[in-house]
Amino acid sequence: MSAAFQRGVFLDRDGTIIEEVGYLDRPERVAFFPWTIDAIRALNRAGLGVFLVSNQSGIARGFFTDAVVDEVHQRMADMLAAGGARIDAYYYCPHHPEGSVRELAKVCDCRKPARGLVDRAMAEFGVDPARSFVVGDRWLDVGLARTVGAKGVLVRTGYGDTEERRRPEGLEADAVVDNLIAASSWILGNI
Ligand SMILES: [Mg+2]
Ligand SMILES: [Zn+2]
């Protein structure tokens, strides 16, 4: 097991950490929000594990490869490091039931809101989901929080603004906030 974290913050990528640009197929298109590095650094300093959890069905659809996603994440890691911040692990689901890449075209246990990516952080870092948080711009991110017993925060960046007005019956966020820095503040006030 790597450095242990009791508490984790599971961050959606597109629309939450970086600008939502549709299928992100080139590292040069990575654009952090102006507050992203500060928000993540604050979580690091509080001793929380910070994990990226992202659905990347573009791989199953044949739009780009794992290697491209890895390059995107390396670019993010470099930009974060330059600002004294760190994402402890980058987890993504490459699957989609209607994908065109045969071995990835399936129902899996890691496409959010399924819990597979969180389970990996549990196994690798000892994270306790019941003491953890999920932040994202879609209700499926809040759904993931519910599934694993974490607190769920919806941000209004990316699709969040639209999502806020289309809350699925029976699904409630623990907080709805403007952006990742507000989510980070909310989390630090609720641990
Ligand atoms: Mg998103
Ligand atoms: Zn998957």
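We're numbering straight along the sequence, starting at 1. For ligands, and for the atoms within them, numbers begin at 1 and follow the listed sequence. The structure displayed is predicted, hence computed values, not measured ones.
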May I have the list of side-chain donor-acceptor pairs in residues 153-162 shorter than 3.5 Å, sequence neighbours left out?
residue	atom	partner	partner atom	Å
Arg156	NE	Glu164	OE1	2.8
Arg156	NE	Glu164	OE2	3.4
Arg156	NH1	Asp178	OD1	2.6
Arg156	NH2	Glu164	OE2	3.2
Thr157	OG1	Gly15	O	2.7

Salt bridge (charged side-chain N to carboxylate O under 4.0 Å, His left out) assessment of Glu19 paired with Arg29: CA-CA 9 Å; Glu19 300 270 7; Arg29 297 177 71 204; over 6 Å; no

Asp38 with Arg41: basic N within carboxylate O range, under 4.0 Å: yes

Tally, protein N/O/S atoms nearer to the Zn ion (ligand 2) than 2.8 Å: 4

Sphere of radius 2.8 Å around the Mg ion (ligand 1) - protein N, O or S atoms inside: Asp12 OD2, Asp14 O, Asp137 OD1

Ion pair check, Arg7 and Asp128, cut-off under 4.0 Å: no

Residue pairs fulfilling salt bridge (charged side-chain N to carboxylate O under 4.0 Å, His left out) with at least one residue in residues 54-81, sequence neighbours excluded: none

Phe5 and Phe125 aromatic ring geometry - parallel, tilted or perpendicular at 30°/60° bounds: tilted

Cluster check Trp186, Phe51: I/L/V/M/F/W/Y, side chain < 4.5 angstrom: no

Check: Val53 main-chain N/O paired with Lys112 side-chain donor or acceptor under 3.5 Å: yes

Thr36 side chain vs Phe33 backbone, donor-acceptor pair below 3.5 Å: yes

